[in-house]
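Start at 1 and go down the list; that is how both ligands and their atoms are numbered. Position 1 is the first residue of the sequence; numbering continues from there. Note: hydrogens, waters and symmetry copies are ignored here, and every other heavy atom, side chains too, is used.
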Amino acid sequence: MPPAVKMERSIVKDNTYLRDDKGIAFFRSGVTQQTRSPEIPRLKQIVAPHNPMSTILITAAIAVVIPPLFLLYSLWNSPLRAIPLAPDADILLGHLPKVEADTGVWPRKWSQMLPFGVFRTRFIFSWRVWVTDPKALTKILVTSAYDYPKPPSLIDFLSILLGRGVLVAEGVEHKKQRRALDSAFSLQQIKDLSDMFWSPGRILSEKWKEAVPSQTESTRLDICPLLSRCTLDIIGLAGFDYNFDSMNREDDPLAKAYNILFGHPENAPIIVHIVSLLAETFPRLVSLRNGTKFIKNIVQQREIVEKITQSLLDKKRRELKEAIDNNTPHTKKDILSLLVRDNLGLEDPLTDKEITDQCLTFLAAGHETTSTALTWTLQRLADNPTVQEKLRKEILEKYPEDRNLTYDELNNSLPYLNAVVREVLRIDSPVPMTIRQSAKDDVICGYTIPKNSVIMVAPAVIHFHPDIWGPDAAEFKPERFLDNNAIPDTARTPFANLTFLAGPRNCIGQKFALAEMKALLICILRSFSFEPDVIGQHVERNSLLVMRPKSGQLHLRVKRIEGK
Ligand code: HEM
């Protein structure tokens, strides 16, 4: 017979009790045989007060109460509380609803009413530090860029979407990838690629002509879908010589998987948003997010994309090998072909996975950014008929014949087009804000920034600040980019204009994007004029990664240009 003490312990530990009319029977986990103890009266005394339900309730109460208390205490105790706080916070959600409403509008107001340089908002349980001061931005984006990575929970989410391409990689991994990509995005390379913009641009025009039959009356048209398909086709061709042909057909497997991946990330279930926020403080919670149906579906689609991009990579390798074996020039111009070629000569070459992850990265970074930039351009032109007319006149006078312009012609011969594009990208930056998290303690604008603080870098705020861009900062005025003297000294730093960010993580595709926007605008403005659907209508914006119209649509009244 085992000693009484030993039995007591095993019962309490096993925690599985049954009471019968003769006393207490206890079971060991996994042991089916019922054992009865002669020590029953004493055991009864020990075990009887334990009610499993109350234990569960107490544990649940602790689990619900302790983390918020801990978070509240961290908020209250944070050195970030010395930074000026934006007003208008909701008691529970803080500034989150206002920051999410109509991109940039509220943070812009706060930045202009609080002292210049830095201010703070609250997202439920965590502070966000918004930086507008150029010296501080130099540190965050350039001199200490690798000490301000993207927040780990964002990296985790982006890795699920994109793999670990250059947009997601951090530190040495990022430096390696960026070096490997540099020559594929060199000026010469972009010049070679710019011929690829014209054919999709003309298909877009033809499609719109079908939708806008009359030359005398305007037609109400949602301009978003075809602009989006057109830039998808361009990045497919330029990125990896892949023809989605998405303006003509909808059954391409890569386009289908990609559209599910990136369709509408803002439609993710609320649990995904909440866990993402909490994961800033409790990183392990990301596993909860990753178990959702939403994320599992994303992983499935990414696997489809990965199979296709791997077969594209194999094709590029075969083409390169053939050229080498036959001693013929390797004439492929797409970014993936160049990456495969350049990779051969690298001391520390990219792995297959690193290369295929770049394909998804190019799609994600280079598709919606450019199409939404064009969406906002057409809206600005519709609202500003004088600018629209002046721009069309410049294009038609300089190039009456419809032909493919070279990169140099696009860049150097149409100053007003250049000014319009730069102004739209300033005032309607497609990436209106980006987010970083300090990897160590630091001091910014004289304030202590402890490790793990979340930093907001927001073109949608900086570009509207009168202390940087002058009193007309909020106005759409392409002319400011025609006359160098019209730009105040405070705006003549890379940190005043952050559409493509700055520093080692700036947009690698910016020359490509500018040339693409110009080529497509030429194709469009030759054939169509635009008016607002409703005069004076404000189009609300929404941005998870890219700033789109909130409704997902933008209707304009479109008319054919006579004779075109
Ligand atoms: C108007 C169009 C575009 C805008 C406004 C834009 C803006 C940006 C911004 C703000 C970033 C930095 C994001 C961050 O670190 O938080 C970025 C990064 C990037 N962009 Fe663009 N982009 C545009 C078009 C393109 C195109 C066409 C491509 C490719 C062909 C491209 C490729 C990339 C890549 C690969 C990165 C990651 C760079 C790195 O982290 O080293 N972008 N872009």
Open item on the list: Does the structure place the NZ or CZ of Arg541 under 6.0 Å from the centre of the six-membered ring of Trp376, at an angle of no more than 45° from the ring's axis?
Closed with: yes
Task: From the candidates Ile335, Thr369, Ile234, Val166, the one that places a heavy atom nearest atom 24 (C) of ligand 1 - done: Thr369
Open item on the list: Is the distance between the ring centroids of Tyr416 and Phe481 under 6.0 Å?
Closed with: no
TODO: Using a strict 4.0 Å threshold on nitrogen-to-oxygen distance, state whether Glu354 and Arg164 make a salt bridge.
DONE: no
Task: Trp208 ring center near Phe528 ring center (under 6.0 Å) - done: yes
Open item on the list: Counting non-hydrogen protein atoms only, what is the nearest one to atom 42 (N) of ligand 1? Give residue, atom name and distance.
Closed with: Cys507 SG, 3.0 Å
- [ ] Please state which part of Gln358 comes within less than 4.0 Å of ligand 1, counting heavy atoms only: side chain, backbone, both or neither.
- [x] neither
Open item on the list: Test of understanding: given a 4.0 Å heavy-atom threshold, classify the contact between Pro430 and ligand 1 as side chain, backbone, both, or neither.
Closed with: side chain
- [ ] Pick one of side chain, backbone, both or neither for how Arg178 approaches ligand 1, counting any non-hydrogen atom pair under 4.0 Å.
- [x] side chain
Task: Of the listed options His367, Arg436, Glu368, closest to atom 15 (O) of ligand 1 (non-hydrogen atoms) - done: Arg436
Task: Nearest non-hydrogen protein atom, atom 33 (C) of ligand 1 - done: Ala365 CB, 3.5 Å
TODO: Just go through Thr499, Asn506, Leu193, Thr434 and tell me whose heavy atom is the nearest to atom 10 (C) of ligand 1.
DONE: Thr499
TODO: Assess Ile235 for proximity to ligand 1: is some non-hydrogen atom of it under 4.0 Å away?
DONE: yes
Open item on the list: Measuring from non-hydrogen atoms of Lys150 to any atom of ligand 1, is the shortest distance under 4.0 Å?
Closed with: yes
Task: Over-ring placement of Lys175 relative to Tyr146, 6.0 Å and 45° cut-offs - done: yes
Task: ring-ring contact (aromatic ring centres under 6.0 Å, His included) between Tyr407 and Phe197, intermediate numbers included - done: CA-CA 10 Å; Tyr407 179 88; Phe197 305 143; 8.7 Å; no
- [ ] Examine the side chains of Gln112 and Arg108 and answer whether a donor and an acceptor come within less than 3.5 Å of each other.
- [x] no
- [ ] Identify which one of Val131, Leu141, Val431, Ile435 satisfies the side chain to side chain contact (heavy atoms under 4.5 Å, CB included) criterion when paired with Val457.
- [x] Leu141
- [ ] Identify which of Leu363, Leu501, Val168 has a heavy atom lying nearest to atom 13 (C) of ligand 1.
- [x] Leu501
Open item on the list: Give me the nearest non-hydrogen protein atom to atom 40 (O) of ligand 1 as residue plus atom name, then the distance to 0.1 Å.
Closed with: Arg505 NH2, 3.0 Å
- [ ] Mark the output for His174 as yes if a heavy-atom distance to ligand 1 is under 4.0 Å, and as no if none is.
- [x] yes
Task: Interfacing atoms of ligand 1 (cut-off 4.0 Å, heavy-atom, Gly366) - done: 25 (C), 26 (C), 27 (C), 28 (C)
TODO: Kindly assign one of parallel, tilted or perpendicular to the pair Tyr242 and Phe240, based on the angle between their ring planes and the thresholds 30° and 60°.
DONE: tilted
Task: For atom 35 (C) of ligand 1, the option (of Ile508, Leu545, Leu167) bearing the nearest heavy atom - done: Ile508
Task: Heavy-atom nearest neighbour of atom 6 (C) of ligand 1 within options Phe185, Phe500, Trp376, Phe362 - done: Phe500
Task: Flag for Thr121-Trp130: side-chain donor and acceptor within less than 3.5 Å - done: yes
